[in-house]
J.: 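Sending over a structure as structure tokens; questions will come in a sec.
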Amino acid sequence: MEDGSRRVAELDTGFFVRWLTETASAVDREADRLTELDSAIGDADHGSNLRRGFTAVTAALTDKPPPSPGAALGLAGRTLVSKVGGASGPLYGTLLRRTGRELGDAATVSREELARAMSTGVEAVAALGGAAEGDKTMLDALLPAVRALPESFTAARRAAAEGAVGTVPMRARRGRASYLGERSIGHEDPGAASSLLLVAALERSWEAADE
Ligand code: ADP
Ligand code: MG
């Protein structure tokens with residue numbers, strides 16, 4: 001169902017664990033495509049980087065069930081930072097850790113609270129990487145998604161999908177792809193593609209909560 005019609009959306013720890021493990025499954029399924037995108041404008045490791053990272057996230061969540069939504073995101077973020085060597089590890093790690101810190105130790109959060117926390121997390125990614133919207137990075141999917149999140153999870157996923165496709169005509173100004181200059185034009189940014197997986201998993205976890 002269209003989640004915007006729901007009166008209150010209380011998201012508990014189980015929801016966040018499901019979100020992260022759903023993301024891990026999606027990354028595992030799509031790893032070859034992510035690596036293919038990265039082979040066009042990077043060094044062909046984005047899929048394997050994220051697969052290694054999110055496999056470890058799933059293991060960590062099983063090993064040490066987190067007590068709160070914020071703790072789940074913090075554990076996932078720390079795991080990504082420690083397991084992923086590429087730029088995307090610290091960037092996604094910062095997103096999840098910063099978002100988790102904003103949520104504090106609340107047992108449940110509303111979608112609006114998650115949207116505010118994630119927006120702070122995405123700003124931290126921008127600060128860490130020195131990138132802005134239009135630079136052909138993960139931010140081009142993440143920023144529109146967090147802007148749409150107060151409306152619904154579905155709106156956020158659609159915004160992320162549009163944002164990812166929107167990176168195709170862009171010229172990269174940050175990260176490895178920027179070394180290619182004009183030649184980066186005409187390819188989807190791998191990090192924007194993986195950010196869509198993260199946001200799509202959010203929507204699926206919400207739909208699963210309905211069943
Ligand atoms: P690496 O570039 O070190 O090989 P990955 O291939 O895992 O790391 O990730 C590449 C992705 O990371 C890019 O497609 C882009 O979306 C994102 N990225 C790289 N540098 C930056 C940056 N400075 N700011 C934001 N995102 C970035
Ligand atoms: Mg790479």
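Please read these numbers as outputs of a predicted model, since none were measured by experiment. First listed ligand is number 1; within each ligand, the first listed atom is number 1. Residue numbers run from 1 in the order of the sequence given.
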J.: How far apart are the C-alpha atoms of M138 and V125, what are their side-chain angles, what is the distance that settles it, and do they pass the side chain to side chain contact (heavy atoms under 4.5 Å, CB included) test?
T.: CA-CA 9 Å; M138 56 176 67; V125 173; 4.1 Å; yes
J.: As a test of reading the structure, name the N/O/S atom of D43 that is nearest the Mg ion (ligand 2).
T.: OD1
J.: Could you list which atoms of ligand 1 come closer than 4.0 Å to a heavy atom of D45?
T.: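 Those qualifying, in numeric order: 4 (O), 5 (P), 6 (O).
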J.: When only distance counts, is M138 in polar contact with ligand 1, meaning an N/O pair under 3.5 Å?
T.: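 Yes.
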J.: Mind running salt bridge (Lys or Arg N to Asp or Glu O under 4.0 Å) on R116 and E112 for me, showing each step along the way?
T.: CA-CA 6 Å; R116 275 197 296 278; E112 291 73 15; over 6 Å; no
J.: As a check for students: among G47, A126, A177, A87, identify the option with a heavy atom nearest to atom 8 (O) of ligand 1.
T.: A87
J.: List the steps and the verdict of salt bridge (Lys or Arg N to Asp or Glu O under 4.0 Å) for E151 and R111.
T.: CA-CA 9 Å; E151 187 187 324; R111 192 184 59 242; over 6 Å; no
J.: Any salt bridge between D189 and K136, counting N to O under 4.0 Å?
T.: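 A salt bridge is absent here (no side-chain N lies under 4.0 Å from a carboxylate O).
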J.: Can you check whether L91 has an N/O within less than 3.5 Å of an N/O in ligand 1?
T.: no
J.: When you look at T58 and L20, which way does the side chain to side chain contact (heavy atoms under 4.5 Å, CB included) test go after all the steps?
T.: CA-CA 7 Å; T58 301; L20 294 162; over 6 Å; no
J.: Is the shortest side-chain N to carboxylate O distance from R171 to E182 below 4.0 Å?
T.: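 Looking at E182 together with R171, the answer is yes, because their closest N to O distance falls below 4.0 Å.
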J.: Which ligand 1 atoms does R176 reach within 4.0 Å, using its non-hydrogen atoms?
T.: 1 (P), 2 (O), 3 (O), 4 (O)
J.: Taking only heavy atoms of G86 into account, list the atoms of ligand 1 that are under 4.0 Å away from them.
T.: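 It comes down to these atoms of ligand 1: 3 (O), 8 (O).
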J.: In the protein, which heavy atom is nearest to atom 7 (O) of ligand 1, and how far is it?
T.: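 Result for atom 7 (O) of ligand 1: S88 OG, 2.6 Å.
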J.: Say whether S184 and Y179, considering side chains only, have a donor N or O and an acceptor N or O under 3.5 Å apart.
T.: no
J.: Test your reading of the structure: does A131 have an N or O sitting under 3.5 Å from an N or O of ligand 1?
T.: no
J.: Numbering the atoms of ligand 1 from 1, which are under 4.0 Å from a heavy atom of G175?
T.: 19 (C), 20 (N)
J.: If I consider every N, O or S atom in D38, which one ends up closest to the Mg ion (ligand 2)? I only need its name.
T.: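 Within D38, restricted to N, O or S, the Mg ion (ligand 2) is closest to atom OD2.
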J.: Examine R174 against ligand 1 and note whether any of their N/O atoms are separated by less than 3.5 Å.
T.: no
J.: Going through the distances and angles, do L75 and L61 end up as a side chain to side chain contact (heavy atoms under 4.5 Å, CB included)?
T.: CA-CA 8 Å; L75 176 59; L61 291 168; 4.0 Å; yes
J.: Hey, are E162 and R158 close enough for a salt bridge, meaning a charged N less than 4.0 Å from a carboxylate O?
T.: no
J.: Under 3.5 Å, is there a donor on one side chain and an acceptor on the other for E188 and T167?
T.: no
J.: Which N/O/S atom belongs to D45 and is the closest one to the Mg ion (ligand 2)?
T.: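 So the atom name we want here is OD1.
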J.: Could you tell me which atoms of ligand 1, counted from 1 in the order shown, lie closer than 4.0 angstrom to a heavy atom of G129?
T.: 22 (C), 23 (N), 24 (N)
J.: Tell me which protein heavy atom sits closest to atom 5 (P) of ligand 1, plus the residue, atom name and distance to 0.1 Å.
T.: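 Heavy-atom neighbour on the protein nearest atom 5 (P) of ligand 1: H46 ND1, 3.3 Å.
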J.: When you measure from atom 13 (C) of ligand 1 to each heavy atom in T137, D38, D43, D189, which option holds the nearest one?
T.: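 Looking at heavy atoms only, D189 sits closest to atom 13 (C) of ligand 1.
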J.: When you look at R204 and E207, which way does the salt bridge (Lys or Arg N to Asp or Glu O under 4.0 Å) test go after all the steps?
T.: CA-CA 5 Å; R204 280 201 305 283; E207 285 165 351; over 6 Å; no
J.: Heavy-atom contact check, 4.0 Å cutoff: does P190 meet ligand 1?
T.: yes
